[in-house]
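This structure is a prediction, so every number in the text was calculated from the model and none was measured.
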Amino acid sequence: MPFTKGHKIARKRPVADEAKRLEEKLKGAGRLESKAQFKHILANANRGDCAERNLALIWFLFGSLTRITETCYLKVSDIFTKAGELKSTFRMKAEYTKTDRSRDCALVLKQQRKALYAWRDRRIKDKAMLSDDGSYGGLRGDSSLFLSRSGKRWVSLAFHPKKYMTQDGQKETMVCSSMENFIRNLFKSCGANNLSSHSGRKSTASLLSDAGVDYGVIQMAIGHLSDDMTDTYIIPDPGRLTNALNNLYPTVPPFGIK
């Protein structure tokens, strides 16, 4: 069963180029320079009419290490139980992902959970796609978790095709350009020109590595496959990931301000 305590594989911290890239800031998406920079980003996101949504979205990137577009594909029922409680882990379905592979993601970071409940409450206040029977915390389970603001209404996000090159040739995927651009522009407005929507994954993985967290725990968090992982369900104790994530940002308020 995914995310259950089981056999632990003995590993040495890798020295391959793939692991070294966790420490680099100049290749591809950059990583946070400091936690003070992260506080600044959250404080700027906590402004305007979409503040609750924006904060919850950012915490997904840094707390669950998800990609921006796959996060925008999430449904309410993916992360809320029918009784209205947030799950501690959720399944990122294959159809949401760029790689067409499903994986389990953590939803244990305290600030992330507070931000998600605040976003749920905002949707309820605005009567944005509510459930008829109060299930899923009052939201329609089949509705998108994250929505777009259109005038005074909340509507579903739009996705557009994007082509990119791989070793196997050109491929096409659907992306949520509006949220990609929002995250990138938010970072730039905070002077973080080297950051992109992918920086949440890279920053948190790097901070976990810096803190000496087992490589297997980092693999579980980020969802990468490797040749020496024979079974994606043979994973470290999830309690260690819970502690590791919550120890990363102990002084960062969920909304970027005290």
Side-chain angles (χ1 to χ4, degrees), residues 16-32 41 44-45 50 53-79 90-106 129 142-150 154-206 218-227 229 232:
D17 289 341
E18 291 80 5
K20 290 181 180 178
R21 280 200 292 269
L22 291 174
E23 303 291 340
E24 296 176 359
K25 298 181 181 180
L26 300 179
K27 292 184 179 180
R31 56 173 283 186
L32 288 172
I41 289 170
N44 277 15
C50 299
R53 181 207 64 187
N54 296 342
L55 286 165
L57 187 63
I58 290 169
W59 276 114
F60 252 95
L61 306 183
F62 286 86
S64 295
L65 288 80
T66 54
R67 301 176 180 89
I68 184 65
T69 290
E70 64 189 16
T71 305
C72 292
Y73 271 121
L74 287 170
K75 303 294 184 183
V76 169
S77 60
D78 290 325
I79 70 159
F90 65 92
R91 191 72 170 169
M92 185 65 76
K93 298 177 180 177
E95 58 265 32
Y96 300 167
T97 70
K98 180 180 179 180
T99 58
D100 294 322
R101 289 195 301 262
S102 63
R103 69 182 190 278
D104 291 290
C105 300
M129 304 184 189
D142 62 347
S143 67
S144 296
L145 176 62
F146 293 105
L147 304 173
S148 177
R149 192 73 168 167
S150 178
W154 290 102
V155 299
S156 298
L157 292 166
F159 296 84
H160 303 92
K162 179 180 179 180
K163 294 181 180 180
Y164 62 99
M165 291 300 299
T166 70
Q167 292 180 343
D168 299 324
Q170 189 178 76
K171 291 189 176 182
E172 183 175 285
T173 187
M174 300 297 289
V175 299
C176 187
S177 303
S178 61
M179 290 297 97
E180 277 191 353
N181 293 335
F182 161 72
I183 295 294
R184 186 179 297 109
N185 291 334
L186 171 66
F187 291 159
K188 286 183 178 179
S189 72
C190 298
N193 294 324
N194 66 317
L195 301 186
S196 74
S197 61
H198 208 65
S199 293
R201 286 165 60 81
K202 187 168 187 178
S203 296
T204 300
S206 297
I218 299 173
Q219 278 190 320
M220 178 175 70
I222 205 167
H224 280 168
L225 299 180
S226 65
D227 293 340
M229 182 178 283
T232 59

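A pairwise comparison of heavy atoms in Asp104 and Arg91 identifies OD2-NH1, 2.7 Å as the closest pair. The two residues Ser197 and Ile68 have their closest heavy-atom pair at OG-CG2, 3.4 Å. A pairwise comparison of heavy atoms in Ala106 and Phe90 identifies O-CE2, 3.9 Å as the closest pair. Across all non-hydrogen atoms, the minimal contact from Val155 to Ser150 is CG2-CB, 4.0 Å. The heavy-atom pair separating Thr66 from Cys105 by the smallest distance is CG2-SG, 4.1 Å. Scanning both residues, Met92 and Leu74, for their nearest heavy atoms gives SD-CD2, 4.0 Å.
Here the OG atom belonging to Ser203 is positioned 5.0 Å from the CZ atom belonging to Phe62, to the nearest 0.5 angstrom. Considering CD of Glu95 and OG of Ser102, their distance stands at 8.5 Å, rounded to 0.5 Å. The distance from the NZ atom of Lys188 to the CG atom of Asn181 is 9.0 Å, given to the nearest 0.5 Å. For the atom pair CG (Leu145) and CG (Leu57), the distance works out to 9.0 Å, reported to the nearest 0.5 Å. Separation of atoms SG (Cys50) and CH2 (Trp154) is listed at 4.0 Å; rounding is to 0.5 Å. Residue Thr71 holds its OG1 atom at 10.5 Å from CD1 of Ile79, rounded to the nearest 0.5 Å.
Between Tyr73 and Phe159, the ring planes are parallel. Angles under 30° get that label, and only those over 60° would be called perpendicular.
Between Arg101 and Lys93, the closest side-chain pair of non-hydrogen atoms is not below 4.5 Å. Residues Arg184 and Met179 form no side-chain contact, since every pair of their non-hydrogen atoms from C-beta on lies 4.5 Å or further apart. With a 4.5 Å cut-off on side-chain heavy atoms, Ile183 and Leu195 do not count as touching.
A donor atom on one side chain and an acceptor atom on the other are found under 3.5 Å apart for Tyr96 and Asp78.
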Checking side chain to side chain contact (heavy atoms under 4.5 Å, CB included) for the pair Val76/Asp142: CA distance, chi angles, key distance, verdict?
CA-CA 6 Å; Val76 169; Asp142 62 347; over 6 Å; no
Applying side chain to side chain contact (heavy atoms under 4.5 Å, CB included) to Phe146 and Leu157, what does each step give before you reach the verdict?
CA-CA 7 Å; Phe146 293 105; Leu157 292 166; 4.1 Å; yes
Full working for side chain to side chain contact (heavy atoms under 4.5 Å, CB included) between Ser189 and Asn44
CA-CA 8 Å; Ser189 72; Asn44 277 15; 3.8 Å; yes
Leu32 and Thr204: CA distance, side-chain angles, deciding distance, side chain to side chain contact (heavy atoms under 4.5 Å, CB included) verdict:
CA-CA 9 Å; Leu32 288 172; Thr204 300; over 6 Å; no
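Ion pair Arg67/Glu180 not flagged as a salt bridge, since none of the NZ, NE, NH1 or NH2 atoms sits closer than 4.0 Å to an Asp/Glu carboxylate oxygen.
Formation of a donor-acceptor pair under 3.5 Å by the Arg201 side chain with backbone atoms of Leu65 is found in this model. Judged purely by atom type and a 3.5 angstrom limit, Thr97 uses its side chain to pair as donor or acceptor with the backbone of Asp100. Looking at Thr69, its side chain does come within 3.5 Å of a backbone N or O of Cys176 through a donor-acceptor pair.
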